[in-house]
Amino acid sequence: MLDRDALLRDLNPPQREAVTAGDGPLLVLAGAGSGKTRVIAHRIAWLLGVRGVDPRHVLAVTFTNKAAGEMARRVADLLLPAGVRAPLIATFHAACVRILRQHIKHIGYPPHFTIYDEDDRLALVKEGMRELDLADRTWTPASLVHRISAAKNQMLTVEEVERAARGPREEKIAALFRRYQERLAAAAAVDFDDLLLLTVRLFDEAPAVLAWYRGLWTHVLVDEYQDTNRAQYRIIRQLTGEHRNVCVVGDPDQSVYRWRGADIRNILDFETDFPGTCVIRLEQNYRSTRRILAIAAAVIAHNLARKDKTLWTENAEGEPAAVYRAWDEHEEANFVAQTVLAARAAGRPWDEIAVFYRTNAQSRVLEDALRRGGIPYVIVGSVRFYERREIRDALAWLRLIVNPADDVAFRRAVQAPGRGIGRATLVRLDEVATREGRGLLSLAAAPPADVTGKPGRALEDFAALVATLAARREGTTLPAFIDEVLNASGYREDLKQERSAEAEARLENLEELIAAAEDHARTEGGATLEGFLDGIALVSDVDEWKDDARGITLMTLHSAKGLEFPLVFLTGLEEGVFPHARSMGSVDDVEEERRLCYVGITRAKERLWMSYALHRRIHGYGLGEPSRFLLEMPEEHLTLLGAAGRADAREAAPVAAPAATGDDDLPLKVGARVRHGRWGEGLVVGVERSGDDVLVTVRFASVGRKQLSLQYAQLEEL
DNA sequence: GAATAAATTGTTTTT
DNA sequence: CAATTTATTC
């Protein structure tokens with residue numbers, strides 16, 4: 001047994017309550033920096049070490065593998081003295097893979113299914129577009145992938161999408177969706193969305209399997225609940241609907257994955273979904289200074305669709321945040337580099353510093369400046385290891401060996417290295433494959449009549465080689481096998497022949513892949529090729545980031561969620577960049593961007609620098625107006641650096657900002673009738689100036705009195 | 001069929 | 001503007 005007092009000693013009262021709450025649904029609304037991870041870890045330790053729950057009966061779900069690893073480490077630290085084993089802590093996707101690998105046969109899939117990632121998906125959609133003559137200018141492949149994914153995230157079946165299709169455009173999309181699913185099935189492959197959907201289906205259609213898991217996991221904990229989607233919600237319900245021992249932790253203000261299907265209603269409606277829920281709020285922040293928190297609060301307060309919540313802290317007031325207006329992105333990057341060097345000179349280690357940006361593309365200029373300044377850095381994301389060409393080529397071979405039906409892998413492997421099989425041959429092969437409903441590899445073993453001569457023989461040789469390798473798999477270790485595949489395929493030799501620096505780097509990366517397999521074999525004990533490939537399919541950017549990095553960290557705001565740094569830079573705070581141009585169309589989109597901004601600000605413990613550029617080269621548009629988020633921050637907590645005066649900022653912003661002089665030119669008068677996109681028509685009952693903004697009080701027929709900030713609310717005068 | 005040159009075209013965020 | 005797709009040449 002664990003010492004319960006020791007476990008609770010360093011927790012504040014609400015944290016303690018969350019850790020010790022008994023069975024039944026538990027919702028922990030945990031503000032940024034309120035010790036959320038700590039609470040989950042301690043609760044798990046409480047369940048196992050004090051309440052005596054068997055570790056096998058607990059499932060904890062996190063958002064990234066890194067978070068899972070971190071959680072496992074903390075739980076192990078707490079439980080080690082009591083000699084208790086840690087429970088299963090995994091991402092939703094990883095847990096689903098585990099379940100599906102074991103039971104997917106109940107819904108008619110083979111257990112050795114392949115997981116298709118974003119690239120494979122794109123390849124599939126492109127093939128489908130060609131097939132269905134969708135290759136005109138109307139859609140981009142990426143947008144169609146997105147639409148298919150959106151449909152799946154809403155848990156719509158192909159039939160439902162077909163039925164709901166109105167007009168030729170939607171019918172074409174539905175047809176593509178059908179083709180996409182058919183191709184997936186033919187390749188014995190599933191995509192990311194399927195991992196969740198098929199688990200739901202499995203539980204629906206195989207009640208015995210569900211019953212088994214219900215009995216197995218009697219206690220379920222879910223982190224980052226605000227970012228769960230419909231399917232994940234269903235899985236939680238399926239697993240816990242009966243015993244209702246479900247503890248979810250999250251913060252609606254940090255929900256930033258709506259575009260990926262996350263449904264904020266999951267957390268907002270949790271209390272009604274699980275009647276009798278015990279709700280605990282963690283509102284004391286242990287991370288940031290008071291000023292940083294005040295800035296974050298002011299920004300997030302501009303979201304209308306939001307339950308009000310106030311974070312407080314006992315931390316020091318801290319320094320004001322700095323805002324830097326740069327002439328262009330290069331000057332912005334130099335500013336970051338110079339400030340980083342100054343911090344370093346003041347004794348701050350590199351790993352206390354992080355630079356965030358909205359899009360990966362922004363990292364380039366920053367990298368250049370850092371390199372010039374001799375500043376070591378680590379980038380999370382951008383070109384991921386497992387997305388490099390040579391790695392994907394090698395993985396294609398491995399995937400094909402595991403799953404001979406994997407056509408996407410076939411296309412890749414058969415041309416890596418080139419072996420005289422080109423487009424024409426593949427088109428012919430594909431025609432027959434589609435007609436006869438067969439896989440490309442099985443056709444290659446006995447090529448159709450119209451593929452003769454050299455290409456025909458090359459296909460046969462290729463198929464034979466894959467078969468030989470597949471047979472050799474059992475006899476050797478995983479790393480040795482990968483090594484053998486690289487040699488037997490001729491891929492390594494091909495690169496060696498090139499004798500360029502680039503080829504040299506690629507060869508090194510292949511060695512790194514083998515090293516990764518060695519790692520995997522070591523940590524997982526009896527490592528299988530399948531397990532290795534699963535792991536790779538599910539790694540995220542942040543997973544690869546090591547926090548003992550000997551450099552400053554560069555990453556997107558999305559990757560930054562869940563992390564914290566003493567010194568933080570938020571760059572590219574311009575309209576069109578952040579909020580992103582593609583997210584400025586609707587109020588909901590902008591509110592999600594604002595939450596992302598909130599996430600960024602609240603990563604900072606001590607110091608925060610924010611910057612924007614007046615000129616930025618993003619193909620075409622890009623005259624930098626300062627981000628609306630900057631204008632939402634309280635001036636008293638900001639220091640303006642360089643020539644970047646607040647007045648200048650405002651001048652550069654042709655936002656419908658009310659003129660600063662005179663009281664008569666208020667844009668609305670009491671008694672005016674207005675329309676709001678969300679609440680409909682209303683009557684203006686009050687108008688007052690508040691700092692730089694104008695607050696309008698409106699009486700709506702639908703929801704009564706509301707005070708709106710004119711600058712951000714979409715009000716139309718009638 | 002493959003290598004090279006020219007044209008085009010797309011760009012958020014990611015498990 | 002860089003990366004990918006398509007046209008051209010060998």
Side-chain angles (χ1 to χ4, degrees), chain A residues 61-68 90-97 115-119 121-123 126 130 135-137 139-143 145-146 149 152-153 190-196 224 227-229 231-232 255-262 356-365 380-384 386-387 389 415 417-427 451 453-455 458 534-544 555-562 572 576-585 589 592-593 595-597 599-600 616-622:
Chain A
V61 188
T62 59
F63 206 65
T64 63
N65 294 299
K66 180 170 166 55
T91 64
F92 258 107
H93 295 265
C96 287
V97 170
I115 303 168
Y116 271 12
D117 68 13
E118 220 53 40
D119 267 16
R121 251 179 166 187
L122 208 57
K126 282 179 186 166
R130 233 167 295 152
D136 53 22
R137 303 289 106 97
W139 293 288
T140 65
S143 75
V145 168
H146 182 79
S149 181
K152 287 188 157 193
N153 278 316
V190 306
D191 62 23
F192 278 126
D193 301 325
D194 285 337
L195 291 175
L196 306 171
E224 306 278 16
D227 283 322
T228 51
N229 64 25
Q232 289 164 328
S255 163
V256 291
Y257 285 101
R258 201 172 76 97
W259 53 273
R260 208 173 75 187
F356 302 151
Y357 35 80
R358 177 66 235 271
T359 63
N360 284 120
Q362 289 165 250
S363 73
R364 232 199 172 80
V365 182
V380 178
S382 59
V383 192
R384 300 195 228 177
Y386 291 111
E387 280 172 15
R389 199 175 72 206
Q415 314 211 57
R419 44 173 35 78
I421 294 160
R423 207 176 44 223
T425 309
L426 282 177
V427 167
V451 182
K454 232 170 85 184
D534 278 354
I536 288 170
L538 299 173
V539 281
S540 73
D541 292 337
V542 200
D543 298 339
E544 296 182 54
M555 65 173 100
T556 64
L557 284 150
H558 281 88
S559 298
K561 200 171 68 142
V577 176
F578 188 31
H580 196 275
R582 293 178 100 98
S583 296
M584 287 163 63
D589 283 345
E592 172 138 323
E593 296 280 307
R595 289 193 290 271
L596 194 56
C597 184
V599 166
R616 189 180 294 270
R617 279 227 298 278
I618 325 172
H619 66 284
Y621 53 99

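Note on naming: letters A, B, ... go to the chains in the order of the sequence lines (proteins, then strands), and numbering restarts at 1 for each one.
What separates NZ of K561(A) from P of dT15(B) is a distance of 11 Å, to the nearest Å. Atom P of nucleotide dT12(B) and atom NE2 of H558(A) are separated by 12 Å, given to the nearest angstrom. Taking atom NZ of K66(A) as the reference point, atom P of dT14(B) lies 16 Å away to the nearest angstrom. For F578(A) and dT13(B), the CZ to P distance is 13 Å, given to the nearest whole Å. N229(A) places its CG atom 13 Å from the C1' atom of dT14(B), with the value rounded to the nearest Å. Following rounding to the nearest Å, L122(A) (CG) and dG10(B) (P) show an atom-to-atom distance of 12 Å. In this structure, Y357(A) places its OH atom 13 Å from C1' of dT12(B), rounding to the nearest Å. Distance, M584(A) CE to dT12(B) C1': 14 Å, rounded to whole Å.
Closest to the side chain of T556(A), out of dT12(B), dT11(B), dT14(B), is dT14(B). Minimum atom distance to the side chain of T64(A) is reached by dT15(B), of the listed dT15(B), dT11(B), dT12(B).
In this structure, A94(A) reaches neither bases nor backbone, as no heavy-atom distance under 4.0 Å exists between it and the strands shown. Heavy atoms of F92(A) sit nowhere under 4.0 angstrom from any nucleic acid atom. Base engagement by E118(A) is indicated by at least one non-hydrogen atom pair under 4.0 Å involving a base atom.
At the phosphate of dT14(B), OP1 or OP2 sits under 4.0 Å from a side-chain N or O atom of N360(A). Note on S583(A): every side-chain N or O is 4.0 Å or more away from OP1 and OP2 of dT13(B). At the phosphate of dT14(B), OP1 or OP2 sits under 4.0 Å from a side-chain N or O atom of S559(A). Regarding contacts with the backbone of dT4(C), every side-chain N or O of K126(A) stays at 4.0 angstrom or more from both OP1 and OP2.
Residues passing the ring pair (Phe, Tyr, Trp, His ring centres under 6.0 Å) test with Y257(A), sequence neighbours excluded: F63(A), W259(A), H558(A). Here D194(A) pairs with K152(A) under the salt bridge (charged side-chain N to carboxylate O under 4.0 Å, His left out) rule; sequence neighbours left out.
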Inset, instruction - Output, in order, the C-alpha distance, side-chain angles, deciding distance and verdict of side chain to side chain contact (heavy atoms under 4.5 Å, CB included) for D193(A) and R121(A). - result: CA-CA 11 Å; D193(A) 301 325; R121(A) 251 179 166 187; 2.5 Å; yes

Legend entry - side chain to side chain contact (heavy atoms under 4.5 Å, CB included) between Q232(A) and D227(A), intermediate numbers included: CA-CA 10 Å; Q232(A) 289 164 328; D227(A) 283 322; over 6 Å; no

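Between D193(A) and A142(A), it is A142(A) whose nearest contact on DNA chain B lies nearer the 5' terminus. When the nearest nucleotides of DNA chain B are assigned to Q415(A) and Q232(A) by heavy-atom distance, the more 5′-ward of the two goes with Q415(A).
dT4(C) and dT13(B) are spaced 15 Å apart, taking the P atom of each and rounding to whole Å.
Remark: ring of W259(A) overlaps the six-membered base ring of dT13(B) in a stacked fashion, centroids less than 5.5 Å apart, planes less than 30° apart. By the criterion of a centre-to-centre distance under 5.5 Å and near-parallel planes under 30°, the ring of H580(A) forms a stack with the base of dT12(B).
With E593(A) contributing its side chain and S583(A) its backbone, the two residues share no donor-acceptor pair below 3.5 Å. Panel note: side chain N65(A), backbone T91(A); no donor-acceptor pair is recorded below 3.5 Å.
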